[in-house]
Amino acid sequence: CQAAQDEPQTDAVDKQEPTAEELLIAAKAENEKLQDLYMRALAEMENARRRAEESVEKAHKFGVEKFAKNLLPVLDSLEKALELSQGDSSPMMQGVEATYRQFVQAMQASGMVEINPIGEKFDPTRHQAIAMVPTQEGQVAGVVAQVFQRGWILNERVLRAAMVSVTQ
């Protein structure tokens with residue numbers, strides 16, 4: 001029976017409590033682990049905040065994009081009406097002209113800029129070539145010769161490319 005009593009005592013001796021130095025090392029390791037987790041969470045929170053700010057900024061800049069695209073054919077129709085009625089100074093045509101000017105001003109106030117590239121070098125990101133024309137005297141190849149439909153840019157993003165003819 002004595003041997004049975006001695007056995008638990010040896011187990012208790014093997015399971016000594018950790019020293020203060022060992023506890024300090026373990027606490028420092030745990031502290032480093034928690035500090036790393038904290039820094040990662042802080043960085044992730046900052047990234048999420050920055051992405052949200054960028055998203056809101058894009059929504060403000062380009063929120064009218066679809067609406068503006070839908071209005072461009074209306075603007076084109078007003079331009080055609082003015083083009084066809086040159087020389088007509090009736091009150092109705094004066095009203096159409098005033099409406100057209102207000103329309104263009106509203107588009108520009110919303111951050112839209114027209115692309116009217118006659119004489120500019122052809123840029124496939126801003127222009128859509130629908131015809132090639134022979135180079136005339138004094139012209140350079142690869143330059144916009146005629147604009148069939150003006151394009152529009154919304155906050156440095158092409159809303160509609162200008163339809164143009166380009167010199168060969």
Side-chain angles (χ1 to χ4, degrees), residues 29-168:
E30 182 68 17
N31 184 35
E32 285 179 21
K33 179 181 157 189
L34 292 174
Q35 189 170 9
D36 181 58
L37 289 172
Y38 168 75
M39 294 303 287
R40 289 175 189 265
L42 194 62
E44 181 59 34
M45 184 181 70
E46 182 62 26
N47 288 339
R49 184 193 60 75
R50 183 183 43 76
R51 283 190 302 268
E53 281 179 0
E54 288 172 0
S55 180
V56 167
E57 184 179 324
K58 283 182 182 177
H60 284 296
K61 279 177 102 173
F62 303 111
V64 298
E65 185 173 9
K66 184 177 180 183
F67 181 68
K69 276 185 180 181
N70 291 334
L71 288 177
L72 289 177
V74 177
L75 184 64
D76 294 339
S77 295
L78 284 172
E79 287 175 352
K80 286 292 179 200
L82 291 172
E83 188 179 298
L84 293 173
S85 66
Q86 286 182 348
D88 184 359
S89 61
S90 69
M92 185 174 96
M93 288 316 299
Q94 289 175 356
V96 170
E97 191 173 324
T99 302
Y100 173 76
R101 280 194 310 269
Q102 286 177 329
F103 201 130
V104 170
Q105 287 173 350
M107 301 278 273
Q108 291 170 343
S110 297
M112 294 181 65
V113 178
E114 71 178 62
I115 303 172
N116 194 4
I118 290 182
E120 293 179 9
K121 184 173 173 21
F122 177 73
D123 179 358
T125 61
R126 298 171 47 133
H127 312 140
Q128 180 180 353
I130 58 173
M132 296 292 286
V133 296
T135 305
Q136 303 293 322
E137 254 186 68
Q139 287 185 325
V140 180
V143 173
V144 174
Q146 183 179 5
V147 176
F148 297 105
Q149 184 181 54
R150 289 182 302 160
W152 287 88
I153 295 175
L154 175 62
N155 296 317
E156 287 97 41
R157 184 188 288 179
V158 175
L159 191 60
R160 179 177 77 185
M163 287 192 209
V164 300
S165 63
V166 182
T167 57
Q168 292 178 331

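Owing to the predicted nature of the structure, the values given are computational and were not obtained by experimental measurement. Quick note: residue numbers are just sequence positions, from 1.
- With respect to Lys80 and Glu83, a salt bridge is recorded, a charged nitrogen being found less than 4.0 Å from a carboxylate O.
- If you take CE on Met45 and CG on Leu42, they are separated by 5.0 Å, rounding to the nearest 0.5 Å.
- The residues Arg51 and Glu44 are annotated as salt-bridged, a charged nitrogen and a carboxylate oxygen being separated by less than 4.0 angstrom.
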Requested in this report: For Glu120 and Val164, run side-chain contact (heavy atoms from CB on, under 4.5 Å): C-alpha distance rounded to whole Å, both residues' side-chain angles, the deciding distance at 0.1 Å, then the answer.
Outcome: CA-CA 11 Å; Glu120 293 179 9; Val164 300; over 6 Å; no
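- In this structure, CG in Leu82 is found 9.0 Å from CZ in Arg101, a value given to the nearest 0.5 Å.
- The existence of a salt bridge linking Arg49 and Glu53 is confirmed by a sub-4.0 Å separation between a basic side-chain nitrogen and an acidic carboxylate oxygen.
- Between Pro134 and Gln139, the closest heavy-atom pair is O-OE1, 4.1 Å.
- Of all heavy-atom pairs between Val147 and Pro117, the closest is CG2-CD, 3.5 Å.
- Partner Leu154 forms a side chain to side chain contact (heavy atoms under 4.5 Å, CB included) with one of Met107, Glu65, Lys69, Arg160 and no other, that one being Glu65.
- Within a 6.0 Å sphere centred on CZ of Arg50, other residues, nucleotides and ligands contribute more than 12 heavy atoms.
- To the nearest 0.5 angstrom, Met93 atom CE is 10.0 Å from Thr99 atom OG1.
- For Thr167 (side chain) and Val143 (main-chain N/O), a donor-acceptor pair under 3.5 Å exists by modelled atom type.
- Taken from CD in Glu32 to CD in Gln35, the straight-line distance is 8.0 Å, to the nearest 0.5 Å.
- Taken from CZ in Phe103 to CD in Gln108, the straight-line distance is 12.0 Å, to the nearest 0.5 Å.
- If you take CG on Leu75 and CE on Met112, they are separated by 8.0 Å, rounding to the nearest 0.5 Å.
- Contact annotation: the side chain of Val104 approaches that of Tyr100 to within less than 4.5 Å [non-hydrogen atoms, C-beta and beyond].
- Looking at every heavy atom in both residues, Phe122 comes nearest to His127 through CE1-CB, 3.5 Å.
- In this structure a side-chain-to-backbone donor-acceptor pair under 3.5 Å is missing from Thr135 to Val140.
- Between the side chain of Ser110 and the backbone N or O of Ala106 there is at least one donor-acceptor pair closer than 3.5 Å.
- Listed by chain and number, the residues in a salt bridge (Lys or Arg N to Asp or Glu O under 4.0 Å) with Arg126 amount to none (sequence neighbours excluded).
- In this structure, Ala145 and Ile118 approach most closely via the heavy-atom pair O-CG2, 4.4 Å.
- Nearest heavy atom pair, residue Leu159 against residue Ala68, reads CD2-CB, 3.7 Å.
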Requested in this report: Please report the C-alpha distance between Lys58 and Glu54 in whole Å, then the side-chain angles of each, then the deciding distance to 0.1 Å, and finally whether the salt bridge (Lys or Arg N to Asp or Glu O under 4.0 Å) criterion is met.
Outcome: CA-CA 6 Å; Lys58 283 182 182 177; Glu54 288 172 0; 5.9 Å; no
